[in-house]
Asker: 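Here it is, the structure, as structure tokens.
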Amino acid sequence: MANTTFEIVKKQSYRAIGLKWDGPWSEIQQLKKVIQTMSERAGELEGKVEPNMQLGLSYHERPDGFIHYSMYEVTEEQPVPEGMTEKYIPELTYFVTNQEKGADIGETYYKISRWLMESEYKAYTEPNVVYFEDTLPIKHEKYPHDRDLQDPHFEIWIPVVKR
């Protein structure tokens with residue numbers, strides 16, 4: 001992948017707590033509100049593991065959109081605040097790269113797709129789950145708190161398995 005550095009990383013299973021959005025592409029503006037609300041409610045999670053990293057976990061399980069979890073990785077002791085949900089992420093291997101400020105997000109994801117097609121890896125999918133996006137059915141993103149919402153920089157974590 002020209003001009004894009006990446007690594008393959010194994011991450012232990014972890015627990016995350018936050019807000020869930022399940023909607024069609026046509027209501028994507030609502031997702032931005034959910035992400036903002038989660039940023040504002042972050043203080044309710046005293047057991048954050050990486051306090052300055054908000055997670056965006058997307059699962060393409062709808063034909064017309066996707067399910068998104070705006071969360072923080074937390075300790076086992078962290079109670080689930082009212083209105084929030086918890087999600088356990090299994091130990092997975094990830095393709096990890098950075099979305100730089102000023103770079104085109106669509107272009108970054110296109111390069112990731114191309115790399116996957118040409119590599120010994122393919123996108124991981126959970127057993128017994130139907131996905132409506134073949135190339136990148138699960139996308140995990142880690143957003144630093146100091147990001148510029150108009151031109152964000154963040155980490156992209158794509159779960160992968162060997163072919």
Side-chain angles (χ1 to χ4, degrees), residues 6-101 103 105-106 108-109 112 123-133 135-161:
F6 69 90
E7 55 186 333
I8 300 296
V9 176
K10 181 175 272 193
K11 181 168 171 50
Q12 298 298 315
S13 61
Y14 66 94
R15 177 175 180 241
I17 293 179
L19 300 174
K20 177 181 177 182
W21 179 82
D22 183 343
W25 294 108
S26 60
E27 294 174 12
I28 199 87
Q29 289 304 321
Q30 289 180 351
L31 174 56
K32 291 179 179 173
K33 291 184 184 120
V34 169
I35 293 168
Q36 180 62 36
T37 300
M38 190 61 237
S39 289
E40 293 163 3
R41 292 188 64 187
E44 295 174 46
L45 300 173
E46 292 175 15
K48 288 191 293 293
V49 174
E50 286 185 277
N52 294 321
M53 280 293 199
Q54 187 169 349
L55 304 175
L57 313 176
S58 297
Y59 297 82
H60 294 269
E61 298 174 31
R62 294 174 57 121
D64 62 341
F66 61 103
I67 299 168
H68 182 91
Y69 298 88
S70 183
M71 302 186 132
Y72 286 86
E73 183 175 342
V74 295
T75 61
E76 279 304 315
E77 298 75 28
Q78 172 66 54
V80 180
E82 190 168 335
M84 291 191 196
T85 188
E86 69 181 332
K87 186 164 181 65
Y88 283 90
I89 310 300
E91 177 179 289
L92 293 168
T93 298
Y94 293 89
F95 171 99
V96 181
T97 190
N98 288 305
Q99 169 65 31
E100 304 294 344
K101 280 180 81 69
I105 295 170
T108 301
Y109 273 112
I112 294 169
Y124 164 83
T125 53
E126 296 168 296
N128 307 315
V129 176
V130 174
Y131 294 93
F132 293 90
E133 174 20 293
T135 317
L136 300 171
I138 302 172
K139 299 178 186 90
H140 290 180
E141 297 174 343
K142 293 173 81 171
Y143 308 102
H145 269 237
D146 64 357
R147 71 191 180 277
D148 175 347
L149 296 176
Q150 304 311 313
D151 183 14
H153 65 286
F154 55 91
E155 295 175 19
I156 297 172
W157 292 64
I158 303 294
V160 294
V161 291

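Because only heavy atoms are used, hydrogens play no part in the values below, and waters and symmetry mates are left out as well, while side chains stay in. This one's a predicted model, so the numbers in the text were calculated from it and none came from an experiment.
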Asker: Any side-chain to backbone donor/acceptor pair from R15 onto Q78? Under 3.5 Å, distance only.
Answerer: yes

Asker: To the nearest 0.5 Å, what is the distance between OG (S13) and CD (E91)?
Answerer: 6.5 Å

Asker: Name the one of Y59, F95, Y69, F154 that satisfies ring pair (Phe, Tyr, Trp, His ring centres under 6.0 Å) with H140?
Answerer: Y59

Asker: With rounding to the nearest 0.5 angstrom, report the CD to CG distance, E141 to N98.
Answerer: 11.5 Å

Asker: To the nearest 0.5 Å, what is the distance between OG on S26 and CG on D64?
Answerer: 7.0 Å

Asker: Are K33 and W21 side-chain neighbours, meaning at least one heavy-atom pair lies under 4.5 Å?
Answerer: no

Asker: Using modelled atom types and a 3.5 Å cut-off, is there a donor and acceptor pairing between side-chain atoms of E50 and backbone atoms of L55?
Answerer: no

Asker: Can you give me the closest heavy-atom contact between T75 and V49, atom names plus distance?
Answerer: N-CG2, 4.0 Å

Asker: If you take all heavy atoms of I17 and P81, which pair is closest and at what distance?
Answerer: CG2-CD, 3.9 Å

Asker: Could you tell me which non-hydrogen atom of P51 sits nearest to which non-hydrogen atom of H145, and how far apart they are?
Answerer: O-NE2, 3.5 Å

Asker: Looking at F66, does the NZ or CZ of K139 lie under 6.0 angstrom from its six-membered ring centre and within 45 degrees of the ring axis?
Answerer: no

Asker: To the closest 0.5 Å, what do you measure between CG (L19) and CZ (R41)?
Answerer: 6.0 Å

Asker: Any side-chain to backbone donor/acceptor pair from E100 onto H153? Under 3.5 Å, distance only.
Answerer: no

Asker: Within a radius of less than 6.0 Å around NZ of K32, do more than 12 heavy atoms belonging to other residues, nucleotides or ligands occur?
Answerer: no

Asker: Testing the basics here: between M53 and Y72, what is the closest heavy-atom pair and its distance to 0.1 Å?
Answerer: O-CD2, 3.3 Å

Asker: Which one of H60, R62, E126 satisfies the side-chain hydrogen bond (donor to acceptor under 3.5 Å, both in side chains) criterion with Y131?
Answerer: E126

Asker: Which of these passes side-chain contact (heavy atoms from CB on, under 4.5 Å) with Y124: I158, T93, L92, V160?
Answerer: L92

Asker: Before giving the answer on side-chain contact (heavy atoms from CB on, under 4.5 Å), spell out for Y109 and T135 the whole-Å C-alpha distance, their side-chain angles and the decisive distance to 0.1 Å.
Answerer: CA-CA 10 Å; Y109 273 112; T135 317; over 6 Å; no

Asker: Between K48 (side chain only) and A42 (backbone N and O only), is there a donor and an acceptor less than 3.5 Å apart?
Answerer: yes

Asker: Give the intermediate values and the outcome of side-chain contact (heavy atoms from CB on, under 4.5 Å) for residues M84 and M71.
Answerer: CA-CA 9 Å; M84 291 191 196; M71 302 186 132; over 6 Å; no

Asker: Just verifying a value: how many Å separate E61 CD and T125 OG1, rounded to the nearest 0.5 Å?
Answerer: 10.5 Å

